[in-house]
Visitor: 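Have a look at this one.
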Amino acid sequence: MASIKDVAAEAGVSVATVSRALNGHPSVSATARARVLAAVETLGYRPNALARSLRTDQTRTLGLVISDVMNPYFTELARSVEEEARALGYSVIIGNADERPDLQDHHVTTLLDRRIDGLLVSPTDGGSPRMLDAARAGTPMVFVDRWIPGVDVPVVRSDGRGAVRDLVAHLHGLGHRRLAIIAGPAATTTGRERVDAFREALAAYGLPLPDAYIGQGDFQAGSGRLVTEGFLDLPEPPEVVFAADNLMALGALDAVRARGLRVPEDIGLAAFDDIPWFVHTDPPVTAVAQPTRELGRAAVRALVERIAGRAGESVTLPARLVIRRSCGEPPGEQQPPSPSPVRRSTP
């Protein structure tokens with residue numbers, strides 16, 4: 001079995017450098033860390049995690065509690081978190097809250113019992129008692145995607161307001177005036193924010209958002225289908241339905257097709273949260289895309305800062321509009337400009 005001295009010899013660095021690289025110490029250059037990780041892979045070196053945790057009071061393990069593992073957005077986010085954590089010498093244990101506060105509390109308790117070094121959480125339904133207690137007790141924690149106002153925890157998220165404005169401008173330019181939204185849970189920050197952004201964007205064009213055009217969903221496909229059925233039953237159905245997440249958009253698409261209607265000929269459809277499947281639907285779905293992989297990486301880096309005793313930065317990344325063919329776009333429709341740079345702030 002390879003030893004840390006073997007890794008140092010293979011990488012051409014000192015044993016101390018190997019140790020610092022595997023512990024994510026900021027003094028190690030990216031080149032040296034890459035050589036160490038390559039040597040670890042080549043030699044099959046496996047550090048004794050238990051012994052190391054006893055020496056350092058760290059387990060080199062992070063916890064990630066996501067809202068819904070079946071949602072492709074959170075699946076991609078989890079993958080990005082795991083990749084970045086591994087590059088920094090950490091393992092990740094994932095818990096799926098399934099949009100349930102009680103399950104979120106269960107996972108938080110279990111992860112803390114396993115002595116994780118820090119916790120990434122996408123709060124479900126405004127949070128849960130155990131999670132809030134952990135945050136207020138000083139557990140190294142970062143909120144990702146969603147957050148809870150008033151809780152002193154760094155937040156890594158995307159800002160979709162600009163992209164929603166671009167979407168409404170795009171729909172207005174196509175001649176659409178009756179626009180409806182399938183909203184996410186009002187208890188979540190993302191649920192409220194997307195409705196507010198949509199309403200504000202409509203107001204800029206003098207367009208109303210009647211109560212009949214706001215359907216309450218739960219970020220699940222079933223609610224997207226039910227809400228869309230209600231829209232289609234209105235005396236004057238909307239011309240375009242904007243689903244506030246990808247699963248609700250798929251449910252909306254099911255509802256339209258079940259009526260024997262076509263997208264976009266009979267009704268247009270747009271979504272928040274782009275997913276690879278949208279390219280393959282007929283027609284491909286126009287969507288607001290979040291920088292999911294970048295969010296995952298930034299969240300891990302912020303958490304590692306917290307673990308090291310530093311404040312950690314909140315990070316906001318811009319979303320962008322991806323124009324396809326589900327809203328009646330003509331052939332050759334061009335994409336809008338690239339999003340603006342990352343905005344950072346300290347909590």
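Just so you know, these numbers come straight off a predicted model, no measurement behind them.
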Visitor: Could you grab the distance from atom CG of Leu253 to atom CG of Leu261, nearest 0.5 Å is fine?
Guide: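 Here the rounded value is 11.5 Å.
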Visitor: Linking I/L/V/M/F/W/Y whenever their side-chain heavy atoms sit closer than 4.5 Å, directly or via other members, would Val108 and Leu103 fall into one cluster?
Guide: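 Val108 does not cluster with Leu103.
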Visitor: Ignoring hydrogens and geometry beyond distance, is a side-chain donor-acceptor pair present between Glu10 and Thr42 at under 3.5 Å?
Guide: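 Looking only at side-chain atoms, Thr42 and Glu10 do not form any donor-acceptor pair under 3.5 Å.
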Visitor: Check whether Leu247 and Val69 end up in the same hydrophobic cluster, where Ile, Leu, Val, Met, Phe, Trp and Tyr are linked by side-chain heavy atoms less than 4.5 Å apart.
Guide: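 Shared cluster, no.
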Visitor: So, Arg259 and Glu229, do they make that salt bridge, N to O below 4.0 Å?
Guide: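 The answer is no: the pair does not qualify as a salt bridge.
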Visitor: Mark yes or no for whether Gln104, through its side chain, and Thr124, through its backbone, hold a donor-acceptor pair below 3.5 Å.
Guide: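 Indeed, once roles are kept as given, a pair shorter than 3.5 Å links the two residues.
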Visitor: Should the heavy atoms of other residues, nucleotides or ligands under 6.0 Å from CZ of Arg79 be counted, would the total exceed 12?
Guide: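 No, not enclosed.
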Visitor: In Å, rounded to the nearest 0.5 Å, how long is the span from NE2 of His107 to CG of Asn96?
Guide: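 His107 NE2 to Asn96 CG: 6.0 Å, rounded to 0.5 Å.
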Visitor: Evaluate salt bridge (charged side-chain N to carboxylate O under 4.0 Å, His left out) for Glu82 paired with Arg86, printing each intermediate quantity in order.
Guide: CA-CA 6 Å; Glu82 196 279 330; Arg86 185 173 66 247; 2.5 Å; yes
Visitor: Check Arg161 with Glu200, please: is the shortest side-chain N to carboxylate O separation under 4.0 Å?
Guide: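 Looking at Arg161 together with Glu200, the answer is yes, because their closest N to O distance falls below 4.0 Å.
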Visitor: Verify, without hydrogens or angle tests, whether Ser314 (side chain) and Val155 (backbone) share a donor-acceptor contact under 3.5 angstrom.
Guide: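 Looks like yes, one N/O pair under 3.5 Å.
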Visitor: Under the side-chain hydrogen bond (donor to acceptor under 3.5 Å, both in side chains) rule, what do Thr316 and Asp159 come out as? Steps first, then yes or no, please.
Guide: CA-CA 6 Å; Thr316 301; Asp159 182 359; over 6 Å; no
Visitor: If you take all heavy atoms of Ala249 and Ala271, which pair is closest and at what distance?
Guide: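 That closest heavy-atom pairing would be CB-CB, 3.5 Å.
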Visitor: Without swapping roles, check the side chain of Arg325 against the backbone of Pro283 for a donor-acceptor pair under 3.5 Å.
Guide: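 Answer holds: no.
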Visitor: Please list every donor-acceptor pair under 3.5 Å in which a side-chain atom of residues 174-185 meets a protein atom from a residue at least two apart or in another chain.
Guide:
from, atom 1, to, atom 2, distance (Å)
His176, NE2, Cys327, O, 2.8
Arg177, NH1, His172, O, 3.0
Arg178, NE, Pro237, O, 3.0
Arg178, NH2, Pro237, O, 3.1

Visitor: Looking only at non-hydrogen atoms, find the nearest pair between Ala299 and Val144 and report the distance.
Guide: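 Here Ala299 and Val144 meet closest at CB-CG2, 4.1 Å.
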Visitor: Hey, are Arg100 and Asp98 close enough for a salt bridge, meaning a charged N less than 4.0 Å from a carboxylate O?
Guide: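 Asp98 and Arg100: not salt-bridged.
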Visitor: Walk me through it: do Arg262 and Val256 pass the test side chain to side chain contact (heavy atoms under 4.5 Å, CB included)?
Guide: CA-CA 7 Å; Arg262 297 172 300 166; Val256 172; over 6 Å; no
Visitor: So which atom in Ala302 and which in Glu313 form the shortest heavy-atom distance, rounded to 0.1 Å?
Guide: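 Taking Ala302 first and Glu313 second, the nearest heavy atoms are CB-O, 3.8 Å.
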Visitor: Can you check side chain to side chain contact (heavy atoms under 4.5 Å, CB included) on Leu43 and Val7, steps first, answer last?
Guide: CA-CA 7 Å; Leu43 298 174; Val7 173; 4.1 Å; yes
Visitor: Report yes if the side chains of Leu62 and Ile116 come closer than 4.5 Å at any heavy-atom pair, otherwise no.
Guide: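 A side-chain contact is absent here, since even the closest heavy-atom pair is not under 4.5 Å.
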Visitor: For Glu76, what residues pass the salt bridge (charged side-chain N to carboxylate O under 4.0 Å, His left out) criterion, not counting sequence neighbours?
Guide: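 Per chain and number, Glu76 pairs via salt bridge (charged side-chain N to carboxylate O under 4.0 Å, His left out) with no residue.
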Visitor: Looking at side-chain heavy atoms only, is the closest gap between Phe219 and Thr188 below 4.5 Å?
Guide: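 Yes, their side chains come closer than 4.5 Å.
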Visitor: Are Ser91 and Arg60 close enough that some pair of their side-chain heavy atoms sits under 4.5 Å apart?
Guide: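 The answer is no, as the side chains (C-beta and beyond) never meet within the 4.5 Å cut-off.
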Visitor: Are Ser67 and Ser122 close enough, and set up right, to give a side-chain hydrogen bond (donor to acceptor under 3.5 Å, both in side chains), and what steps lead you there?
Guide: CA-CA 6 Å; Ser67 304; Ser122 178; 3.2 Å; yes
Visitor: Can you get from Ile93 to Val65 by hopping between Ile, Leu, Val, Met, Phe, Trp and Tyr side chains that sit under 4.5 Å apart?
Guide: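 Yes.
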Visitor: Using a 4.5 Å cut-off on heavy atoms from C-beta on, say whether the side chain of Asp282 contacts that of Arg257.
Guide: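 Sidechains of Asp282 and Arg257: in contact.
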Visitor: Determine, step by step, whether Val300 and Leu120 satisfy the side chain to side chain contact (heavy atoms under 4.5 Å, CB included) criterion, reporting the C-alpha distance in whole Å, the side-chain angles of both residues, the deciding distance to 0.1 Å, and the verdict.
Guide: CA-CA 8 Å; Val300 171; Leu120 295 167; 4.1 Å; yes
Visitor: Give a yes or no on whether the backbone of Gly224 and the side-chain of Thr228 come within a donor-acceptor separation of less than 3.5 Å.
Guide: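 Such a contact is found between Thr228 side chain and Gly224 backbone.
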Visitor: Starting at CZ of Arg194, measure out to CG of Asp196 and round the result to the nearest 0.5 Å.
Guide: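 CG of Asp196 is found 12.0 Å from CZ of Arg194.
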Visitor: With rounding to the nearest 0.5 angstrom, report the CG to OG1 distance, Leu321 to Thr286.
Guide: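 Atom-to-atom, Leu321:CG and Thr286:OG1 are 7.0 Å apart.
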Visitor: Return the minimal non-hydrogen interatomic distance between Val153 and Arg306, and the atom names on each side.
Guide: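 Shortest heavy-atom contact: CA-NH2, 4.4 Å.
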Visitor: Let me confirm one number: the CG-CE distance from Leu111 to Met131, rounded to the nearest 0.5 Å.
Guide: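 Going from the CG atom of Leu111 to the CE atom of Met131 covers 13.0 Å.
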Visitor: Describe, in one word, how the ring planes of Tyr213 and Phe231 are oriented to each other, choosing from parallel (under 30°), tilted (30 to 60°) and perpendicular (over 60°).
Guide: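 Rings of Tyr213 and Phe231: perpendicular, over 60°.
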Visitor: Is there a path of hydrophobic side-chain contacts, each under 4.5 Å between heavy atoms of I, L, V, M, F, W or Y residues, that connects Leu202 with Val240?
Guide: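 Yes; Val240 is reachable from Leu202 via cluster members.
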Visitor: Should Val156 and Phe143 count as side-chain neighbours, where that means a heavy-atom distance under 4.5 Å?
Guide: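 Side chain of Val156 against side chain of Phe143, heavy atoms only: no contact under 4.5 Å found.
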Visitor: Who passes side chain to side chain contact (heavy atoms under 4.5 Å, CB included) against Ser158, sequence neighbours left out?
Guide: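 Once residues adjacent in sequence are excluded, the partners of Ser158 under the side chain to side chain contact (heavy atoms under 4.5 Å, CB included) criterion are Gln290, Pro291, Leu295.
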Visitor: Indicate the atoms forming the closest heavy-atom contact of Ala311 with Pro154, along with that distance.
Guide: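 Residues Ala311 and Pro154, closest heavy atoms: O-CG, 3.7 Å.
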Visitor: Do the side chains of Phe74 and Leu250 join up, straight or via other hydrophobic residues, at under 4.5 Å, putting them in one cluster?
Guide: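 Each belongs to a different hydrophobic cluster.
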Visitor: Given Tyr73, which partner from the list Asp145, Asp245, Asp273, Asp68 fulfils the side chain to side chain donor-acceptor pair (under 3.5 Å) test?
Guide: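 The residue from Asp145, Asp245, Asp273, Asp68 that satisfies side chain to side chain donor-acceptor pair (under 3.5 Å) with Tyr73 turns out to be Asp145.
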Visitor: I'd like to know if the side chain of Thr139 reaches the main chain of Ala134, judged simply by a donor and an acceptor atom lying under 3.5 Å from each other, with no hydrogens or angles considered.
Guide: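 Yes, the answer is positive, given that a donor and an acceptor are paired below the 3.5 Å cut-off.
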Visitor: Can you find a pair of side-chain heavy atoms, one from Leu269 and one from Phe242, that are under 4.5 Å apart?
Guide: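 With C-beta onward as the side chain, the pair stays apart.
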Visitor: Answer yes or no: is there a side-chain heavy-atom contact under 4.5 Å between Pro140 and Leu303?
Guide: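 Of all side-chain heavy-atom pairs linking Leu303 with Pro140, at least one is under 4.5 Å.
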Visitor: Please round to the nearest 0.5 Å and tell me the distance separating atom CZ of Phe272 and atom OG1 of Thr190.
Guide: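 So the gap between those two atoms works out to 8.5 Å.
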Visitor: Can you tell me if CG on Asp113 sees more than 12 non-hydrogen neighbours from other groups inside 6.0 Å?
Guide: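 Count over threshold, so yes.
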Visitor: Any heavy-atom pair between the side chains of Val288 and Arg320 that's under 4.5 Å?
Guide: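 Answer no - side chains too far apart.
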Visitor: Begin from the C-alpha positions of Val18 and Val13 and carry the test side chain to side chain contact (heavy atoms under 4.5 Å, CB included) through to its verdict.
Guide: CA-CA 7 Å; Val18 172; Val13 299; 3.7 Å; yes
Visitor: Going by an N to O cut-off under 4.0 Å, is there a salt bridge joining Arg146 and Glu99?
Guide: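 Yes, this pair counts.
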Visitor: Ion pair present between Glu329 and Arg324, side-chain N to carboxylate O less than 4.0 angstrom?
Guide: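 Salt bridge flag = no for Arg324 with Glu329.
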Visitor: Do Thr292 side-chain atoms and Leu77 backbone N/O form a donor-acceptor pair below 3.5 Å?
Guide: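 Looks like no, no N/O pair under 3.5 Å.
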